[in-house]
Amino acid sequence: MIKGQDSSSPGRPDAPGNGRAGSKRAVSEARLLKAAEEVFAQTGFAGARTAQIAQRAGLPKANLHYYFRTKEAIYQRVLENVLQVWLAMGDSIQPDVDPAEALTRYIAAKVEHSRRRPFASKVFANELLHGAPQLKGYLRTDLRKWVDAKAKIIESWSAAGKMAPVDGRHLLFLIWAMTQTYADFDVQVAAVLGRDRVAPRDYQEATALITRLLLSGCGLKVG
């Protein structure tokens with residue numbers, strides 16, 4: 001899926017599926033991945049150090065290199081996790097689902113993810129800003145297929161007269177831009193709103209406004 005992806009060693013005695021040891025591994029990996037997501041978001045790949053990640057996770061550096069051989073390996077796992085969650089959020093976009101309901105759920109999920117995991121969005125944004133060295137192949141294959149499939153569903157709704165004609169791909173791009181800005185540029189949003197950080201009500205108001213604008217623009221009834 002992602003360039004050079006190889007971050008696990010199934011043959012180890014503490015590999016997933018080996019009972020208590022596997023559970024310990026899963027907990028340690030989760031702590032390391034959460035810490036890595038934060039460090040990569042704040043420093044970028046080039047600026048990150050495995051010692052920083054281990055320290056933030058509260059684990060010895062040796063543990064990080066036991067589970068992830070290199071900085072590149074843990075970076076790839078972070079990207080993989082981000083993409084898995086992002087694509088799953090689009091599960092509401094299905095042919096037999098009402099367009100307004102599907103888009104409303106997708107927008108809400110995207111904004112909520114920006115609220116809960118802003119570092120995840122920033123890691124992805126940093127990767128793209130640097131030319132997507134790890135993701136370029138993935139973007140041109142797997143992500144393109146996913147977008148094409150979802151766009152086809154959206155355009156089938158238009159063809160059936162359920163919503164106004166739109167380019168499904170560009171609609172998805174707009175949703176990404178409008179929702180992910182609350183993660184990627186949260187510092188700017190908070191500053192302009194006169195806050196130390198974006199407040200829960202700001203995310204709620206953003207969700208409502210984005211939903212209203214996009215549904216109206218697609219000729220759909222706003223609930």
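Distance alone, capped at 3.5 Å, places no donor-acceptor pair between the Asn126 side chain and the Val123 backbone. In this structure, Thr207 contributes its side chain and Tyr203 its backbone to a donor-acceptor pair below 3.5 Å. Not a single donor-acceptor pair under 3.5 Å links the side chain of Thr104 to the backbone N or O of Glu101. In terms of modelled atom types and a separation under 3.5 Å, the side chain of Ser121 and the main chain of Ser114 share no donor-acceptor contact. Judged by distance alone, the side chain of Arg212 and the main-chain N or O of Val222 form no donor-acceptor pair under 3.5 Å.
Nearest heavy atoms, Ala102 versus Trp157: CB-CH2, 3.6 Å. Residues Leu215 and Leu103 share a closest heavy-atom pair of CD2-CB, 4.0 Å. Among all heavy-atom pairs drawn from Gln180 and Lys110, the shortest one is OE1-NZ, 2.8 Å.
Separation of atoms CZ (Phe68) and OG (Ser28) is listed at 9.5 Å; rounding is to 0.5 Å. Between the CH2 atom of Trp176 and the CZ atom of Phe124 there is a distance of 7.0 Å, given to the nearest 0.5 Å. Put simply, NZ on Lys152 and CD1 on Ile93 are 15.0 Å apart, with the number rounded to the nearest 0.5 Å. Rounding to the nearest 0.5 Å gives a distance of 9.0 Å between NZ of Lys150 and CG of Leu87. Once rounded to the nearest 0.5 Å, the distance linking CG of Leu213 with SG of Cys218 reads 11.0 Å.
In this structure the side chain of Leu143 never reaches within 4.5 angstrom of the side chain of Leu135, judged on heavy atoms. Taking 4.5 Å as the limit, every side-chain heavy atom of Pro99 sits out of range of all side-chain heavy atoms of Ile154. For the pair Asp98/Leu220, no side-chain contact is recorded, criterion being any heavy-atom separation below 4.5 Å from C-beta on. Put simply, the side chain of Leu32 does not reach to within 4.5 Å of the side chain of Arg77, judged on heavy atoms. Within the 4.5 Å cutoff, no side-chain heavy atoms of Lys61 are placed close to those of Ile53.
Under the side chain to side chain contact (heavy atoms under 4.5 Å, CB included) criterion, Val187 pairs with no residue, sequence neighbours left out.
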Could you give the side-chain donor-acceptor pairs of residues 34-50 under 3.5 Å, partners two or more places apart or in another chain?
unit_1	atom_1	unit_2	atom_2	d
Lys34	NZ	Glu38	OE2	2.9
Glu37	OE1	Arg117	NH2	2.4
Glu37	OE2	Arg117	NE	3.4
Glu38	OE1	Arg56	NH1	3.2
Gln42	OE1	Arg56	NH1	3.0
Gln42	OE1	Arg56	NH2	3.0
Thr43	OG1	Val39	O	2.9
Thr43	OG1	Ala48	N	3.2
Arg49	NH1	Ala46	O	2.9
Thr50	OG1	His65	NE2	3.2

**Request:** Given side chain to side chain contact (heavy atoms under 4.5 Å, CB included), test Tyr106 with Leu172 step by step and report yes or no.
**Result:** CA-CA 10 Å; Tyr106 185 50; Leu172 291 170; 3.9 Å; yes
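Within the structure, every pair that satisfies the salt bridge (charged side-chain N to carboxylate O under 4.0 Å, His left out) test and touches residues 120-140, not counting sequence neighbours, is listed here: Lys122-Asp186.
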